[in-house]
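Notes to accompany the following structure.
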Amino acid sequence: MSAHRTMRARLATAAALPLLLATTLAACGDDTTDERPAAVRTASNGDRFNDADVSFATEMIPHHADALVMVDMTQGRELSPEMTDLTEDIRAAQAPEIEQMADWLTAWGEDVPETSRDHVNSHDMGDMSDDTGGGTGMGMDPDDLAALEDASGIAFEQMWLQMMVEHHEGAIEMAQDEQADGLADDAVALADSIESSQTAEIDRMEELLDQ
């Protein structure tokens, strides 16, 4: 190759480098677009929220309702005093939280989800499956709920506690997601409260299981 051709090749390569660098930087910049915070939305009352807040309330309402269905199943049974106190604590905490989250969704212009408790009483376990056949919002098989309904005495308490521990663990995961990604102050505060209170209730339930 002549010296003239070699020089032209070098000049062409040098000219191409800035374009290559710009393309590479642009590609790297695109990688960060999926990591941008969720868009801020503003409710009619001025509250600021995002999609994570909506998902938290929309998913936690039926999750709480499923817990209350299990609490309903304890009515009329002879339970240990510790078990009775636990079920009433769960009812006292989660029923108002459902109302609170429903109010948020209404203020945010979002639909309030239907729940298993809207349609099923505690003595009709056969209708607890969802439209997909995947069980309730707790992810439990309707057969498990039917078995729980048929159990009695210590067997009922042990089965109920095991199922509720698993249910609480799911709620804690949802609460942690909201704390990480949510924007609405009240929703994040509720998520923090749910994580704290339900962790303590898991400890109580595991103690009862060990008795």
Side-chain angles (χ1 to χ4, degrees), residues 47 49 52-108 110-122 125 128 135-140 144-145 148-149 156-211:
D47 288 347
F49 66 101
D53 299 315
V54 174
S55 295
F56 170 68
T58 301
E59 295 170 9
M60 191 64 80
I61 285 174
H63 196 79
H64 270 19
D66 284 339
L68 295 182
V69 166
M70 285 188 63
V71 170
D72 290 342
M73 292 172 66
T74 67
Q75 300 303 300
R77 296 176 182 268
E78 292 187 7
L79 304 173
S80 65
E82 296 85 358
M83 180 80 168
T84 299
D85 290 344
L86 174 65
T87 60
E88 289 309 310
D89 287 346
I90 291 173
R91 186 192 302 279
Q94 297 197 22
E97 289 172 357
I98 288 175
E99 295 180 6
Q100 183 179 25
M101 290 183 285
D103 288 344
W104 293 341
L105 290 173
T106 300
W108 297 340
E110 300 287 339
D111 293 333
V112 177
E114 293 186 351
T115 71
S116 57
R117 206 162 183 248
D118 294 334
H119 306 289
V120 181
N121 63 53
S122 62
M125 295 296 104
M128 287 293 289
T136 71
M138 287 183 285
M140 294 190 300
D144 292 337
L145 290 170
L148 179 62
E149 178 72 7
F156 173 85
E157 291 195 18
Q158 293 285 304
M159 188 181 301
W160 191 96
L161 290 167
Q162 290 167 353
M163 293 169 70
M164 190 61 79
V165 165
E166 182 177 351
H167 180 260
H168 272 28
E169 289 172 344
I172 289 170
E173 289 181 7
M174 295 161 64
Q176 290 171 338
D177 288 342
E178 169 62 12
Q179 291 175 75
D181 301 325
L183 175 66
D185 290 339
D186 288 345
V188 173
L190 177 60
D192 181 70
S193 176
I194 288 172
E195 180 183 14
S196 176
S197 63
Q198 295 204 17
T199 296
E201 286 174 351
I202 287 175
D203 290 340
R204 289 171 63 186
M205 289 186 283
E206 289 180 340
E207 289 178 2
L208 291 174
L209 284 166
D210 289 338
Q211 291 179 2

So do the side chains of R91 and E88 get within less than 4.5 Å of each other, counting heavy atoms only?
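Touching, per the 4.5 Å side-chain cut-off.
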Quick one: does W104's side chain get under 4.5 Å of L190's, heavy atoms only?
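A side-chain contact exists here, since the closest heavy-atom pair is under 4.5 Å.
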Donor-acceptor contact below 3.5 Å, side chain [X] vs main chain [Y]:
X: D181; Y: A52; value: no
X: E157; Y: S80; value: yes
X: T106; Y: A102; value: yes
X: S196; Y: D192; value: no

Nearest heavy-atom neighbours spanning [X] and [Y]:
X: A65; Y: R117; result: O-CD, 3.8 Å
X: W108; Y: D47; result: NE1-CB, 4.5 Å
X: L105; Y: P113; result: CD1-CD, 3.7 Å
X: E114; Y: P62; result: O-CB, 4.3 Å
X: M73; Y: L145; result: CE-O, 3.7 Å
X: D144; Y: M159; result: O-SD, 4.3 Å

side-chain contact (heavy atoms from CB on, under 4.5 Å) between V165 and E169: does it pass, once the steps are laid out?
CA-CA 6 Å; V165 165; E169 289 172 344; 3.8 Å; yes
Using the rule side-chain contact (heavy atoms from CB on, under 4.5 Å), only one of M70, H167, E201 pairs with I90; which is it?
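One option only clears the test, and that one is E201.
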Which residue, T115, I98, V69, forms the side-chain contact (heavy atoms from CB on, under 4.5 Å) with H64?
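Exactly one pass, corresponding to I98.
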For the [atom1] atom of [X] and the [atom2] atom of [Y], what is their distance to the nearest 0.5 Å?
X: D53; Y: L183; atom1: CG; atom2: CG; answer: 5.5 Å
X: E59; Y: E178; atom1: CD; atom2: CD; answer: 10.5 Å
X: H63; Y: I194; atom1: NE2; atom2: CD1; answer: 9.0 Å
X: W160; Y: L86; atom1: CH2; atom2: CG; answer: 5.0 Å

In sequence, state the C-alpha distance, the side-chain angles, and the governing distance for M83 and L161, and then conclude on side-chain contact (heavy atoms from CB on, under 4.5 Å).
CA-CA 9 Å; M83 180 80 168; L161 290 167; 3.9 Å; yes
Show your working on side-chain contact (heavy atoms from CB on, under 4.5 Å) between D177 and F56 and close with a plain yes or no.
CA-CA 8 Å; D177 288 342; F56 170 68; over 6 Å; no
Show me the side-chain donor-acceptor pairs of residues 203-211 shorter than 3.5 Å, one per line, residues at least two apart or across chains.
residue: R204; atom: NH1; partner: D89; partner atom: OD2; Å: 3.0
residue: R204; atom: NH2; partner: D89; partner atom: OD2; Å: 3.3

Looking at D185, I want to see if its CG is surrounded by more than 12 non-hydrogen atoms of other residues, nucleotides or ligands under 6.0 Å.
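Incorrect, the count does not exceed 12.
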